[in-house]
Amino acid sequence: MPELPEVETIRRDLEKEIVSKRVKSVEVHGTRSVRRHGSDEEFIGRLEGRKVLSVKRSGKYLLIGLDADQDVLVMHLGMSGQLLRVKSPKEPMAKHTHVVITFTQAGQLRFVDPRTFGELFVTRQDDLEKAVPELAHLGFDPVDDVMSWTRFGALLANRHAQLKPLLMDQRFVAGIGNIYSDEILFAAGLKYDRPSDSLSAQEVRRLYRGMVETLSEAIKHRGSSLADEQYRDLFGEVGDYQGQHQVYDREGLACRRCRHEIVRLKVGGRSSFMCEVCQV
DNA sequence: ACGCCCGCCTGTAAGC
DNA sequence: TGCTTACAGGCGGGCG
């Protein structure tokens with residue numbers, strides 16, 4: 001579910017909420033969310049008593065720096081994961097709450113995930129790049145890493161892939177998923193199936209700008225919550241960027257630029273939306 | 001390389 | 001009113 005703008009929104013709030021807090025206790029329910037550890041006890045043991053030093057993001061991963069042994073708590077929300085900050089342990093427990101972290105002062109952080117594609121694990125900072133290949137192989141960060149558009153053009157030209165799947169390839173660029181790839185391609189005026197090595201210099205610039213500006217705007221609006229409102233921030237509030245969507249989830253509606261009807265199609269098995277006039 | 005298909009899960013909506 | 005099917009913000013693996 002959550003892509004870079006949603007994860008970054010959560011990261012910023014989490015930073016304000018949990019840095020310098022100390023973990024008092026941890027509960028794990030079910031077997032799916034904590035699955036890389038030999039046992040739940042090992043995971044819990046590496047968290048209890050630790051103080052949170054930092055909250056970082058790498059692509060769609062959240063990295064919680066801990067004060068002991070340079071350990072990091074890694075969290076990925078998958079399709080349906082939510083982090084909820086609650087002030088009191090007495091607050092009713094939502095269905096599908098799989099991990100509960102209680103701090104010594106003030107409340108809990110709860111991980112709720114109906115589809116259980118998300119996960120949490122603790123690893124050594126040094127091992128992030130060795131023991132966790134998904135993290136090690138992540139591409140550049142489209143918001144944090146400054147890159148010239150000429151370098152971006154070189155990266156595109158090195159590949160021969162359709163633009164949409166390439167934007168969604170976490171090894172190429174980290175953090176973009178199904179919603180934002182469509183929005184970025186509309187912003188750039190490019191069609192999903194353009195080969196990455198077919199772009200003119202001007203098209204490369206448009207794609208780079210479209211990527212940076214779309215994601216930055218989405219962060220300002222605290223991410224996108226679709227009709228099911230599955231994406232909620234740390235405090236249970238919905239995002240606001242869906243109102244700015246140009247194509248995603250707008251099948252049959254008029255293009256905001258040219259009034260032509262937005263169409264829906266499948267690209268790599270995923271629902272995709274585009275304007276056939278504005279994107280070529 | 002790249003594109004496609006599957007599996008991993010639960011919940012909801014649409015179709016019959 | 002069922003029951004069945006399709007689909008949902010992700011990702012890894014296998015196959016051709």
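Worth knowing before you read on, the calculation uses all heavy atoms, side chains too, and leaves out hydrogens, waters and symmetry mates.
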Could you tell me whether A:Asp240 and A:Lys220 make a salt bridge, using a distance below 4.0 angstrom between a side-chain N and a carboxylate O? no
Reading DNA chain B from 5' onward, which residue's closest nucleotide shows up sooner: A:His160 or A:Gly269? A:His160
Using OP1 and OP2 only, check whether a side-chain N or O of A:His96 sits under 4.0 Å from B:dG11. yes
Dot-bracket, 5' to 3', for DNA chain B please: Watson-Crick or G-U pairs under 3.5 Å, [ ] where pairs cross earlier ones, | where the partner sits on another strand, dots elsewhere. .|||||||.|||||||
Between the base of C:dG9 and the side chain of A:Asp228, is one N or O donor paired with an acceptor at under 3.5 angstrom? yes
On a whole-Å scale, what distance lies between the P atoms belonging to B:dC5 and C:dA6? 14 Å
Between A:Glu134 and A:Arg36 (salt bridge meaning N to carboxylate O under 4.0 Å), is one present in this structure? yes
Decide, yes or no, whether a salt bridge links A:Asp113 with A:Arg32 under the criterion of side-chain N to carboxylate O below 4.0 Å. no
One thing to verify: whether A:Arg110 and A:Glu91 come together as a salt bridge, which I'm taking to mean a side-chain N less than 4.0 angstrom from a carboxylate O. no
Check every strand shown and say whether A:Arg264 touches a base, only sugar-phosphate, or nothing at a heavy-atom separation below 4.0 Å. sugar-phosphate
Rounding to an integer number of Å, can you tell me how far A:Glu251 CD sits from C:dC7 C1'? 13 Å
Determine the interplanar angle of the A:His37 and A:Phe43 rings, folded into 0 to 90°, and report it as parallel if under 30°, tilted if 30 to 60°, perpendicular if over 60°. perpendicular
Hey, are A:Arg171 and A:Asp169 close enough for a salt bridge, meaning a charged N less than 4.0 Å from a carboxylate O? no
May I have the distance from A:Asp169 (atom CG) to B:dC4 (atom P), rounded to whole angstrom? 14 Å
Using atom CZ of A:Phe172 as one end and atom C1' of B:dA1 as the other, report the distance to the nearest whole Å. 14 Å
Please state how far atom CD in A:Glu8 lies from atom C1' in C:dG9, giving the value in whole angstrom units. 17 Å
Using a cut-off of less than 4.0 Å, is there contact between a side-chain N or O of A:Tyr180 and OP1 or OP2 of C:dG9? no
Determine the contact category for A:Ser225: base if any of its heavy atoms lies under 4.0 Å from a base atom, sugar-phosphate if only primed atoms, P, OP1 or OP2 are that close, otherwise nothing. nothing
I'd like to compare against my own output: the B/S/- annotation of nucleotides 10-16 of chain C with a strict under-4.0 Å heavy-atom distance to protein. BSS----
Parallel, tilted or perpendicular: ring planes of A:His76 versus A:Tyr61, cut at 30 and 60 degrees: perpendicular
A:Ile64 and A:Val122, any side-chain heavy atoms less than 4.5 Å apart: no
Students often get this wrong, so: under 4.0 angstrom with heavy atoms, is A:Leu77 touching a base, only sugar-phosphate, or nothing? nothing
Which whole-number value in Å describes the distance from A:Tyr192 OH to B:dG3 C1'? 13 Å
I need the CZ-P distance between A:Arg171 and B:dG3, as an integer number of Å. 15 Å
Whole-Å P distance, C:dC3 and B:dC9: 25 Å
Looking for any heavy atom pair under 4.0 Å, which part of the strands does A:Asp113 touch: base, sugar-phosphate only, or nothing? nothing
Rounding to the closest angstrom, what is the interatomic distance between B:dC6 and C:dT5 at atom P? 15 Å
As a test of reading the structure: which of C:dG9, B:dC8, C:dA8 is closest to the side chain of A:Arg32, going by heavy atoms? B:dC8
Measure the shortest side-chain to side-chain distance between A:Leu185 and A:Met274 over non-hydrogen atoms and say whether it is less than 4.5 angstrom. no
Is a salt bridge present between A:Lys164 and A:Asp182, judged by a nitrogen-to-oxygen distance below 4.0 Å? yes
Choose from B:dG11, B:dG3, C:dG9 the nucleotide whose nearest atom is closest to any side-chain atom of A:Pro114. B:dG11
Given the 90°-from-0 boundary between syn and anti, C:dG10 should be labelled anti
Could you check whether the rings of A:Phe152 and A:Tyr208 sit parallel, tilted or perpendicular, using 30° and 60° as the cut-offs? tilted
So, does A:Lys266 get its side chain near the phosphate of C:dA8, meaning an N or O under 4.0 Å from OP1 or OP2? yes
Under-4.0 Å side-chain N/O to phosphate OP1/OP2 contact, A:Lys95 with B:dG11: yes
